[in-house]
Every structure is written in structure tokens, then in C-alpha cells.
Amino acid sequence: MASTKYIFVTGGVTSSLGKGIISASLGKLLQARGFSVTIQKFDPYINIDPGTLNPYEHGECYVTSDGAETDLDLGHYERFLNISTSQDNNVTTGRIYNDVITKERRGDYLGKTVQVIPHITDEIKNNFYKLGETGKYDFVITEIGGCVGDIESLPFIEAARQARLELGPTNFISIHLTLVPYLKASGELKTKPTQHSVKQLLESGIQPDIVVCRSERHLPPEIRKKVALFCNVPMNCVIEAQDADTIYDVPVLMRKERLDERVLSKLKLSHKKEPKIDKWKEFLGRLKNPTEEVNIGLVGKYVQLPDAYKSIIESFIHAGAENECQVNVKWFDSEELFPENISQHFSELHGILVAPGFGERGIEGKITAIQYARENDIPFFGICLGLQCAVTEFARNVLGLKGASSTEIAPKTKHPVIDLMEEQKEIKNMGGTMRLGAYNCILTKGSKAYSVYGHTKIKERHRHRYEFNNQYLDAFEGAGMIASGINPETGLVEVMELAKHRWFIGCQYHPELRSTVSNPHPLFVKFVKAAVSFKEEKEDKKLTEKDMAV
Ligand code: GLN
């Protein structure tokens with residue numbers, strides 16, 4: 001294809017309508033037609049990146065392999081498209097201003113008054129085009145965060161208006177996602193909020209080419225007609241996005257609505273060939289027809305907001321489908337777990353995952369959960385802080401190191417089994433300064449971790465400041481907790497496992513950031529598999545006990 005096509009996705013009426021999923025689904029359909037696609041997100045907040053945002057408020061921070069801390073929508077892009085995103089795929093207002101101000105200080109603007117238009121909007125446009133200019137993509141989909149009409153997203157919308165003129169109608173397309181609410185009392189679907197939202201976009205100079213209507217209900221033809229009339233689009237460009245059972249249904253639903261065809265025909269591209277989505281459908285088939293079922297306990301402290309563990313939840317969906325197993329993730333607030341109630345809480349579980357996290361709150365509950373998993377031979381998976389807690393638990397309860405801890409939790413501990421990484425000691429700024437992104441790791445042949453991956457060389461993404469303290473390594477290995485994955489360049493411990501346990505693995509990295517629909521992460525796949533075997537064994541045991549009783 002001669003030049004890159006740009007698709008802009010905006011939203012209105014309310015946030016959280018699923019622009020990320022619509023973008024990812026459209027991307028998937030275009031990719032399934034043989035196009036190369038990438039998706040980028042422009043966020044209107046002032047933070048340079050979401051790294052310092054509270055997960056309670058903003059959900060998970062997604063880390064790319066080049067070490068950028070980004071919005072969780074990038075996770076959806078990667079999971080749907082099986083692509084790798086980068087720093088360039090997530091741009092915030094903060095970053096734009098930071099770059100413009102840096103240029104201003106450098107004297108790049110040659111004495112000019114630096115203004116929102118054109119300087120900020122030019123900078124935004126440079127970033128809009130950056131990935132397209134690499135020549136690697138047929139399509140760049142740009143999702144603009146927030147809602148049209150928000151004060152803070154105005155420069156982005158203005159920049160999109162300018163981009164539309166610069167690119168011309170066969171290279172630019174605007175998709176607007178709105179809500180068509182159903183009013184129970186009157187039994188009607190209402191188009192007024194959509195009309196207003198499109199009007200708002202028109203006021204900013206952008207006529208949407210396609211209006212996608214999120215709705216609880218099916219949109220009857222008269223509603224589509226009304227939206228078409230008031231929003232100035234042909235009826236076949238009013239697309240229904242009805243609530244789905246799973247986000248993974250959305251590409252198929254968008255195909256039924258022919259969203260991909262509408263996009264291609266607007267951009268004057270052929271849409272004769274059908275997209276190849278058989279593999280995706282096979283995945284859906286496995287996801288929806290499980291033959292097994294397991295309960296996994298997810299122990300964390302951000303359990304009120306499931307988005308805080310988005311990638312973990314999605315990884316379980318991928319791994320569940322791979323095993324044709326329904327994975328019921330049960331949430332446990334680690335602040336509510338104590339030795340006295342743990343067996344009662346965990347009696348129905350077939351696997352326990354201790355989640356990543358920061359700070360002291362909820363640590364003891366995590367340690368209690370791990371001790372239970374270790375002593376009762378229940379499949380255990382610890383991620384990042386989860387590994388660090390497993391190390392702490394082992395130090396205290398097996399090695400007998402009283403008060404052992406991480407210096408993040410207890411800076412004055414006598415046994416700092418987890419300690420600040422050397423390169424972190426001088427760091428004062430919190431933003432973007434953790435050990436971030438993909439690093440190499442070598443797995444020990446014969447270990448469980450090795451059997452999970454099937455090879456020794458792996459590369460996984462990180463986001464942490466603390467590490468296993470190698471001074472204790474001999475003591476740990478002597479007592480049966482083995483460092484089975486090591487960073488070859490630095491010697492940092494990346495994976496630890498218990499030799500005498502059915503499945504007990506902790507990793508310092510975040511495998512959940514690499515799991516995709518077409519490439520489920522092996523650690524999740526094998527963890528679910530271990531949970532299935534554990535369940536079977538548990539049930540067999542129960543049956544034998546019953547037989548013996550008779
Ligand atoms: N707080 C721990 C550290 O910084 C763990 C981080 C995490 O779980 N992502 O090392």
C-alpha cells in the first residue's frame with residue numbers, strides 16, 4: 001500500500017464505552033485481511049505517563065518491552081493483535097507539553113510566542129504521524145482518550161481536525177463511539193445523547209465517518225435511521241456495538257456489522273476478500289465450551305478495581321481457553337487474610353496467585369496465603385511482589401530467619417532477603433525510574449520453569465525496584481528454594497521455585513504482559529494445567545475416602 005491510512009477513534013457521552021476494544025477489534029479485522037496495523041493511544045492527562053497513577057483510579061499500568069509505562073488499553077492492542085507496542089504508542093498531554101517546553105528552552109522556536117495552536121497541536125500531529133512514518137504500517141489507529149467536549153482533550157481533537165485536512169479523505173477516517181442508552185421506564189432506546197455528542201464533534205470541525213453505538217440492546221432499523229439522519233452519516237455507517245459476553249466477541253460482532261468493510265470503502269480500498277478470523281473463532285470456541293473448571297485465588301490489595309489486574313485476568317482467559325478450562329478467578333483482599341481464616345477462605349481453590357504490588361499494606365496476608373499454598377502443596381504462582389513475598393515467607397518459616405522481609409516493607413529488617421537494586425539506590429524521582437521493560441533471563445535446565453518454557457533463553461518485562469538478595473542464595477537453595485532463572489548480564493534472580501512442590505513458581509518479571517490470544521503465556525497455561533491436575537487429584541482422593549468409609 002502506497003501510504004499509511006489513519007483511523008481516529010473518539011468517544012462521547014461517557015467514558016469507559018470501550019474505545020480500546022473497538023479499536024483493537026477493528027485492528028484485528030484489518031490485520032486478518034493481511035494489512036499491517038498498529039494502534040496508539042493519546043491520553044489527555046498531564047502526567048507524563050501513567051506510571052505514577054494509583055491503580056485504584058486508573059487501573060493497571062501496562063509496560064511495553066521497550067520499558068514505557070503506558071495505559072492499559074495498550075494491553076488490549078497487544079493481546080488482540082499479537083503485536084509489540086512501544087513508547088511511541090502512548091502519548092499524554094504531559095509528554096506533549098514537556099517536549100514543547102524543552103524545545104522552547106532550547107530556543108527552537110526562535111523568539112516566537114509558543115501557543116496551543118500551532119505549537120502544541122503541531123507536536124501532537126508529529127506524534128500522530130510518527131509510527132506511520134516508519135513505513136511499517138498500512139494502518140495506524142489512533143484512540144483519543146476521554147470524551148469529546150472535555151476541556152483537556154480539545155487540543156487533540158483540534159490536531160485531529162488539522163490532520164484530516166492534511167491527509168485528505170482517502171487517508172483519514174473518523175470513528176466516533178457513543179452510547180445509546182435504554183430507558184427501562186419508557187422501554188425505549190434513546191439517541192439524543194449520541195446526537196449531542198456528534199454535534200460536539202462537529203463543533204470542533206470533525207464530521208465522523210462512522211458512528212459506533214454502544215448499547216445494552218439491539219438497535220432496530222428506526223433507531224439506526226434516526227442516528228444516521230441526525231448525525232449526518234449513511235445508515236450503513238451506523239454500527240451497533242451491543243454489550244458482549246466477553247471482549248473477545250467484539251471482533252466477530254464488528255465483522256457482522258461490517259465495520260471493517262465500511263472503513264475500507266471510505267478509504268477507497270478493496271474489501272472483496274473476507275478477513276481470515278478462523279483462528280480467532282477457534283479460540284472463542286474453546287473459551288466458550290470448556291470441559292474443565294478450576295478456581296484460582298487472586299490475592300492482592302487492589303481487588304476493588306478489577307482493572308488493576310487487567311493483564312492477569314486476561315492471561316487467565318487465554319490460558320483457560322488453551323486448556324479448555326473455565327478459570328474462575330476468586331478475588332481475595334490480602335488485608336483480610338489471617339492464619340485463623342485462611343483454610344476456610346481457600347478450601348475451594350485449585351491454585352493461588354499472589355499479585356504484583358507496592359508498599360506495606362496487605363503484605364502479611366500475602367505471606368499467609370503463600371504459607372498455606374506451600375504447606376498444602378497447592379499450585380502457587382507469584383508475580384513480582386508475589387515472588388518477593390514467597391521469598392520472605394520461606395526465609396521466615398523454613399530458614400527460621402525471624403523478621404525477614406523486604407527493605408521496601410521493613411527498611412531496618414535484620415534479614416533483608418529482598419533489597420533495593422544497586423542502581424536504584426541513588427534514584428530520587430519516582431516517575432519512569434524503576435527497572436522497566438524486557439530483560440534477558442536464562443533458565444536452568446531440568447527446572448520446572450524450564451519445563452514450562454521448553455527452552456533456556458527467555459526475555460520478559462519488568463517493573464520493580466527491589467530484588468532477591470543474592471547473599472542469601474545458598475541458604476535458600478540448600479533448603480529447597482531454587483533460583484531457576486537468572487539474568488545473565490547482572491546475575492539478578494528472576495525466577496524462584498520449590499523443588500519439592502507440585503507447582504510453586506515465583507517470577508520477578510510480569511509474564512501477564514506478554515500473553516496474547518494467539519500466544520497464551522506458558523506460565524499461565526501450565527499453572528492452569530497444574531490446577532486442573534490438582535483438582536482431579538483432590539476429587540479422586542475424596543472418592544477413595546468415601547469408598548473407604550463404606
Ligand atoms: N514493590 C516491588 C518492587 O518494587 C514489587 C513491584 C511489583 O510487584 N511490580 O520491587
Side-chain angles (χ1 to χ4, degrees), residues 49-56 58-65 67-70 72 75 298-303 305 307-313 315 334-335 352-367 369-370 380-393 395 404-411 413 416-439 441 460-470 472 483 485 487 490 492-496 505-515 521 523:
D49 61 44
T52 50
L53 290 178
N54 187 338
Y56 280 125
H58 201 78
E60 164 190 275
C61 173
Y62 187 80
V63 181
T64 56
S65 56
E69 296 179 287
T70 70
L72 56 76
L298 193 157
V299 182
K301 70 171 178 181
Y302 308 116
V303 290
L305 184 73
D307 268 4
Y309 302 117
K310 191 87 202 155
S311 295
I312 293 181
I313 301 301
S315 301
S334 55
E335 286 187 282
I352 296 166
L353 183 144
V354 174
F358 293 84
E360 188 205 338
R361 210 155 49 74
I363 289 289
E364 294 306 319
K366 290 184 174 176
I367 291 175
I370 295 165
F380 167 79
F381 189 6
I383 300 182
C384 206
L385 182 65
L387 160 79
Q388 299 178 354
C389 289
V391 164
T392 305
E393 191 279 323
S405 195
S406 156
T407 49
E408 178 183 13
I409 317 300
T413 174
V417 286
I418 303 290
D419 202 3
L420 200 58
M421 278 179 277
E422 211 41 54
E423 75 253 29
Q424 288 286 330
K425 291 192 175 150
E426 299 307 313
I427 289 172
K428 297 270 177 308
N429 279 345
M430 294 305 272
T433 55
M434 280 188 251
R435 180 178 184 237
L436 291 165
Y439 286 91
C441 170
E460 295 279 2
R461 300 184 199 173
H462 297 68
R463 183 173 190 249
H464 64 122
R465 295 187 199 280
Y466 294 81
E467 58 162 324
F468 177 76
N469 182 345
N470 270 325
Y472 290 89
N487 178 304
T490 58
L492 291 187
V493 169
E494 301 283 20
V495 189
M496 294 206 81
I505 299 182
C507 49
Q508 188 53 72
Y509 51 79
H510 292 264
E512 73 277 19
L513 303 175
R514 264 198 338 108
S515 188
H521 198 286
L523 275 169

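No hydrogens, no waters, no symmetry mates; every other heavy atom, side chains included, goes into these values. Both ligands and their constituent atoms are indexed starting at 1 by order of listing. Positions are given from 1, in the same order as the sequence printed here.
Relative ring orientation between Y309 and Y302 is described as tilted, the plane-to-plane angle lying within the 30° to 60° band.
Residues meeting the side-chain contact (heavy atoms from CB on, under 4.5 Å) test with A483, sequence neighbours left out: L473, E477, I486, V493, M496. Partners of H510 under the ring pair (Phe, Tyr, Trp, His ring centres under 6.0 Å) rule, at least two apart in sequence or in another chain, do not exist in this structure. With sequence neighbours excluded, the residues forming a side-chain contact (heavy atoms from CB on, under 4.5 Å) with E360 are I409, listed by chain and number.
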**Study point:** Full working for side chain to side chain contact (heavy atoms under 4.5 Å, CB included) between E408 and F358
**Key:** CA-CA 8 Å; E408 178 183 13; F358 293 84; 4.0 Å; yes

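Within 4.0 Å of ligand 1, heavy atoms belong to protein residues P356, G357, F358, C384, L385, Q388, E408, R463, H464, R465, Y466, H510.
With 3.5 Å as the limit, one finds a donor-acceptor pair spanning the side chains of H521 and E460.
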